[in-house]
Every structure is written in structure tokens, then in C-alpha cells.
Amino acid sequence: MFLQFERRVQQAFQSHLAIRYGLDVPVLVEQPKQPEFGELALPAAFQLAKLLKQSPKKIAAEICAEIGPVAGVRALEVAGNGYINVRLDRGAYAAALLAGGEETPAAAAGEKVIVEHTNINPNKAAHIGHLRNTALGDTFVRMLRARGFRVEVQNYIDNTGVQVADVVVGFHFLEQKSPEEVRELAGRPRFDYYCWDLYARTSQHFKDHPETVKWRAETLHAIEANEGPLAELGHVVADAIVECHLDTMLRLGVEYDVLPRESEILQLEFWASAFTQLRARGAVHLETAGKNAGCWVMRAAAFSDSTEDDKVIVRSNGTVTYVGKDIAYQLWKFGLLGKDFYYRPLRTYASGHTVWVSSSEPQPPGAPAFGGGSRVYNVIDVRQSFLQEVVAAGLRALGYTEQAERSIHFAYEMVALSPRCCAELGIALSEEDQRRPYVEVSGRKGLGVKADDLIDRLVEDAYAEVVSRHPDRPDAERRTVASQIAIGALRYFLLKFTRNTVIAFDFQEALSFEGETGPYVQYAAVRARNILRKLEERGETPPDFAQELDAAAMARQLAAEDFWQVLLAASKADTAVERAVASGEPAHIAKYAFQLAQGFNNFYHQHHILTEEDRGRRVFLLWMTAFFRNQLERTLGILGIQVPEYM
RNA sequence: GCGCCCGUAGCUCAGUUGGAUAGAGCGUCUGGCUACGAACCAGAAGGUCGGGUGUUCGAAUCACUCCGGGCGCACCA
């Protein structure tokens, strides 16, 4: 609603300036920090001052006098040195809110957006770094969908890479287990934890016995050729771990549409198609001399104007690098490869939604059309910026400049461990590491906080709290509530930081349920819900707001500044989401939700709604509560946070 | 060496892309539960926005420079 109003004011000024002064300048509309300055402020007069060679103050006064009435605006005022402050007609605004009238977002029709996130190597348990990726990706998807975009969620599975190979080495060479034995192990709970340890053990073994690194090469070859027990082990491990990851992420409410796998990229020869295109356009060259002799490389000039080395795309032994495969995959995402995967259903979520996985064999029909997006977001941590740039350069070199521009690296900083966190985990740090502000998570070293461990701790803490507050409630119900609170805390914690802030993970902060946290926001929503529920428990039917509240009644109540401010804030949910989409910053929505909850909590304390004796006022307060509840639940929904029945 | 990012209250972070008197949470101190349940609310203390120069009506935000920290720059992913 606020969005509509903002646009209307902007357009009114824009056309007035065009007609009156013949100027076609972009009109800026701000939301003043101080509520005394009204609901909107325009610094337009400052922009015009130079062009018209007059004082901003004079221009502002002139505009205010001449622009005429603007729908929904009660008054225009000149303030400071030339700001134009806009005051809303409060009653009309509230009446419009009550009437519904939320605009349906006008997203580009037909445009399909692809968001790729999670992308965890399927060789070990997920850790907190992966959680940040998934929380950001999933929330961004929810934001886009809320604004009306059609979004496809992909989770790329590198099931043929070095990381999987290393765990296979662990099973085959170190533990001497057969595929059957590993299959049995994979059926047990927490197979991903087992692999977490085995992966660290194998890495250490390579370090202690460098001569055994050849095992890795042997395993990689077998996996790539897709033959023999090593390849079979690779499938057993990767398939089982993917299921573990899906389970872990489902705990956060995260679902995927499709899982494209590297094994199919190889078997369906996606790379061959991409390679043909790259050679035909001269995007890659066969190096005949120097250190890259025998390799196909992309010239540094394609992706950098500094003195980078050329990038090897095909190794001298004929195998393709990760970047090469990623170029092929990126081409497929835009529908530019001329090939497609086959798909089979992997699992159907409780929501009824099915996630599909790529297959190299023809499958029965029924799969939706995947890929072929017009805009692609790759949620990958910032350390891979260089590689992402090379991939985009590959698209450009093929002449797909528009797609290269719509190939967006949705980068975020890493999650690291604070020194205190390392101490809690019993991790011994070198003297050098102790002096650092934080320590990087390392799957290879087994250094990190596993996602499920963290979630378990959160659930346990929340459950203890719920039990102490609600001794008489059924236990199954309390478990559900505890889990919703735990996930609310976790998702909020991961989302409250802007993307380019390094999170130095700390248990105390992550496990907090007070202050700027998910549970704080949930609590505000629960309170609003409680008021409305209590009303019905008293045997009252909720008032027909549309019948009882007209613009004049609203205006009377909203003359009180605190009412107006909290209502105004609650009406800005769409503004907050749109801004967050524009800046690609889920943290802005988290911040908005928190501020909204704060505003409501304050309102809640100042006014006791159910005991209000003035009937008109009581109806108004109830409407405010209902409106707030809707807005907050919608906003929390975009953050992937549920509102518990009670807290 | 080259490139990217960061430096804001004791701590952890926001700051609507250049706007009005720089804001939250935690922590500290003070006060508030027989209410729609305090996972809450009210108040206080706490700032040279790393330093400097510049750009202009106006800078935490832009440019240059210095200091401090992080991350990249493989025939690994």
C-alpha cells in the first residue's frame, strides 16, 4: 500500500516538473527519519536549484503552491532549506488498508528466474557455512516469489569430484569396505557424520603418506569412467549424502525443484557441446608451448584487464576442469546448450511438491521443463568470485553478452569460527590462529559446526523453555513449537547479517532467543494472535471492521501519533520486500521484521486492548492488531520463519 | 606483486546507494509482572563513523592517499 502511495507522489511531482519547468529529471522520494517530517520527503528543490539558479527554499515553496491536490495527500510543507515534506491523509490511508487493495506484484510475465543454491559436495555432513548459503538462497527465492517472479530452485550436485573421491578412498583403501558394506552403513542414521570423520581422516592420511595420493587419481578416473567398485562406491556415498542434506535443509523448510548432477553432465556429454561452441568462436585456444603446453586455455584478457594468468579449461591429459563444466552448466541454465538432462522424481515433500534429479537414461514423461531461464542467480560464497567471473567471460566469448549480464553471482562472505567457539568445541589452535579474529571452517580438516548438531542444540534449548512455560500442553505439540522457535532463531541469525559481513560464529549469539532474534519477532506475532484468540474464547465474534470503521473514525484514532506510526510501519511490508529484492539483501527484510515487532510490542504494552471500554476505540485497536498480525506473518513467511501456536 | 571486501558505541552489527539531530541488539546501571503470559516494556550512560586530503548546498556513504584486518589470483572445487 505504501508503495502505491510513494509511486503516486513521485509521478505527480515528475509530471508537474515536466509541465511547469520543462524538466525531465528523476524525482527522488525519501522516507524521513524523523516522524515529525511527515511520511515522505522530496529533495527535488535541491536538484532544481542549480538548473533554475534560484534558492531551493523558494523553488520548494513554488512547487508546493502550484502542484495542486495529489490523491491521498493531506498537506505539503517546505522544511529546512528546501525539503518538501508530504503528509498523508491518515483516515483515507487506513481505510484503503482495510479495504484490502494490496497490489498484485507486476513481475515480468513469462520471465523465469533460476536460483541455484546449497550446492554442497555430497561427501560429508552439512555445516554452518552451508546453512548460510541455503538460508540466503531460500529466502531470496521467497522474496522473488513474493514479488511475483516465477522461480526455479536448483541445487547442483558435484557427485564426481575430488571430495567424493576422497571419501571413497577412505572406504576402499583405508577401511577396505565393499560397496555392499558401505551401502549397509549408508542406511543407518547420520551416515553423513560418519563420512565427515572419514573425510578428515583420509585428508590427514594423504598428508602423512603423500605417496598414497595416487589413490585419489585412480578413484577419480574410475568415477569418471563410471566403472568398477570405486565408481559404485562413489554413487553409494553421494546418493546417500544427498538424502542427508535434503533432510537437513528440510528441517529449515527448504525445498528444491531440481538437482542437476555432475555425473550426468559428463555422461550426456554436456561438455562436448560447450567445447564445440567455445572452439568455434575462438574462445579457447590450444596452447603449444610454455607451462600450459597441451592445454586448452581461455585468455586472461577475456575475464580480466590486469595481469592474471590464462585460465586452463581442458587439462593436458584431456580432462575438463571445473570451470569448463560450469560453463556448460551455465549455458544449459539459459537454454543455450542445445541439450537437456533426463529427469526422475527423487522425493515428494509433505507439501506435495516433488524434487527431481537428473538422469542419464530416458525416463517416463512427467517432469516439468527445467532450465532455460532468462536470469540466473548463483548463490556461492565470495571466495569463488574469480571463477564466477571466468564463467561469465565464457558466455561473453560465445557472444551471449546479455546472458552474461544476467548471470549473477549472489555472493556472500564466509562463516568462520570465533576463537571462543573454537575453545568450546575443544579445537586446539596454533598460536598464529589464536591471534586471528576468526578461523575458517574446513571440511577437509573436520573443523566446523555441523548443521544438525546446531539445530539439535537449538531445539533442545527451545524445548526446555517451552516445557517450563507450558507444563500442561501435550508433548508432541510442544516439540513442534520448540522446533519452530529453533528454526526461527537459526534462520534469523543467518539472515540478519548483510551478505558481505563475515559471520564469526558464536554459540552464545546463535543460541540467543532474546533481543534482535527470530523468537523475538515470533513472539510479537504470537501476542497479536493471542489477543484475537482470547476474544473468541470470551465468546465474542470479531467485529466486522469494514462495517464499523470508516475513514473518519480511522482519522480520529490515528490522530494519536503512536497509533499512526505503528500502522504506517506495518503497511510498509511490500516496500521493504521490494527494496530488499532490488538490493539483493535479505537482511533488510529481517531488519524490517524486527522493527515491526518492536513497534507492536511497544503498542501492546501501552494499550490493553481487550479491556478497552470505549467501543469504537476497541474495534480500532482490534483492527490494528489483526492488520499487524497479517503483515508480520507474511514478512516472517518470506524469511521462512513460522509463527508457533504459542510460545 | 595484482584484484576484491571490511574498519561505525565495551562487544556484535544496521545505516533506504549523497540528505535533516549517526541507529539497533547484547552487556552495564535504574524502574516495571495479580493484565491480551516479562522470549516483553520504559529510562540512563556509552561515538574524532580507522587517520588525512579532496569533490559540493550537504559525506559514515563518492575520489585520492596512508594505517590496520580478511579473502582471492592451480592442469583443486
Side-chain angles (χ1 to χ4, degrees), chain A residues 28 30-34 36-37 41 43 46 49-50 55-56 79-83 85 119 121 158 161-163 216 291-297 304-309 311-317 319-323 325-326 381-387 389 411 413-414 416 418 436-438 440 462 465-466 469-470 485 489 496-498 500-504 506 508-509 512-520 522-524 526-535 575-576 579-580 582-583 585 587-588 590-592 594-595 598 601-602 604-611 625 646-647:
Chain A
L28 291 170
E30 298 167 4
Q31 294 174 46
K33 284 176 207 158
Q34 282 83 2
E36 312 86 89
F37 294 149
F46 296 110
K50 221 180 300 175
S55 81
N81 290 324
Y83 261 101
N85 292 340
N119 300 7
N121 273 299
D158 181 3
V162 175
Q163 296 212 18
R216 175 192 281 164
K291 63 172 184 171
N292 291 336
C295 299
W296 287 85
V297 303
S304 164
D305 42 32
S306 66
T307 56
E308 298 282 353
D309 285 345
K311 184 70 195 166
V312 171
I313 305 296
V314 180
R315 303 183 187 101
S316 54
N317 67 5
T319 58
V320 59
T321 60
Y322 162 79
V323 182
K325 285 181 273 198
D326 212 16
D381 84 70
V382 72
R383 287 171 293 188
Q384 302 212 33
S385 296
F386 173 67
L387 293 176
E389 184 43 47
E413 266 292 354
M414 62 178 168
S418 70
R436 289 165 167 271
Y438 43 73
E440 230 178 300
E465 193 66 37
V466 174
R469 288 163 191 252
H470 303 281
I485 292 169
K496 71 193 253 191
F497 301 94
T498 50
N500 57 14
T501 298
V502 177
I503 299 181
D506 183 277
Q508 197 179 309
E509 281 178 54
S512 169
F513 296 155
E514 288 165 19
E516 194 188 339
T517 66
Y520 175 95
Q522 288 173 311
Y523 190 59
V526 166
R527 283 176 145 177
R529 200 183 262 184
N530 278 348
I531 293 171
L532 299 166
R533 197 181 51 213
K534 277 271 151 78
L535 184 76
T575 317
R579 261 203 248 284
S583 60
E585 205 56 272
H588 291 165
K591 189 63 108 184
Y592 169 76
F594 174 67
Q595 285 167 348
Q598 253 183 335
N601 276 333
N602 174 289
Y604 176 94
H605 268 271
Q606 282 182 18
H607 309 282
H608 198 266
I609 296 164
L610 292 180
T611 57
T625 304
Y646 53 88
M647 283 181 74

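All values below were derived from every heavy atom in this structure, side-chain atoms included, with hydrogens, water molecules and symmetry-related copies excluded. In what follows, every chain begins at residue 1, and chains take the letters A, B, ... in the order their sequences are listed.
The distance from atom OH of Tyr322(A) to atom CD of Gln384(A), rounded to the nearest 0.5 Å, is 5.0 Å.
Residue contacts shown for Asp381(A) are absent, as no nucleic acid heavy atom lies under 4.0 Å away. Residue contacts for Gln598(A): at a heavy-atom cut-off of 4.0 Å it reaches the sugar-phosphate backbone alone, with no base atom in range. Here Ser385(A) lies out of heavy-atom contact (under 4.0 Å) with every strand. Using a 4.0 Å heavy-atom cutoff across all strands shown, Glu514(A) reaches sugar-phosphate atoms only and no base atom. Across all strands shown, Thr611(A) has no heavy atoms under 4.0 Å from either base or sugar-phosphate atoms. Contact annotation for Leu532(A): no contact, since no heavy-atom pair falls under 4.0 Å across all strands. Here Ala587(A) lies out of heavy-atom contact (under 4.0 Å) with every strand. At a threshold of 4.0 angstrom between heavy atoms, the contacts of Glu440(A) are confined to the sugar-phosphate backbone, with no base atom among them. Heavy atoms of Phe497(A) sit under 4.0 angstrom from primed sugar atoms or phosphate atoms, though from no base atom. Base engagement by Ile485(A) is indicated by at least one non-hydrogen atom pair under 4.0 Å involving a base atom.
Of the residues Leu387(A), Val382(A), Asp381(A), the one that meets the side chain to side chain contact (heavy atoms under 4.5 Å, CB included) test with Ser385(A) is Val382(A).
Under the Watson-Crick or G-U wobble criterion, with both distances below 3.5 Å, U17(B) is left unpaired in every strand shown.
A syn base is found at U17(B): its glycosidic angle is within 90° of 0.
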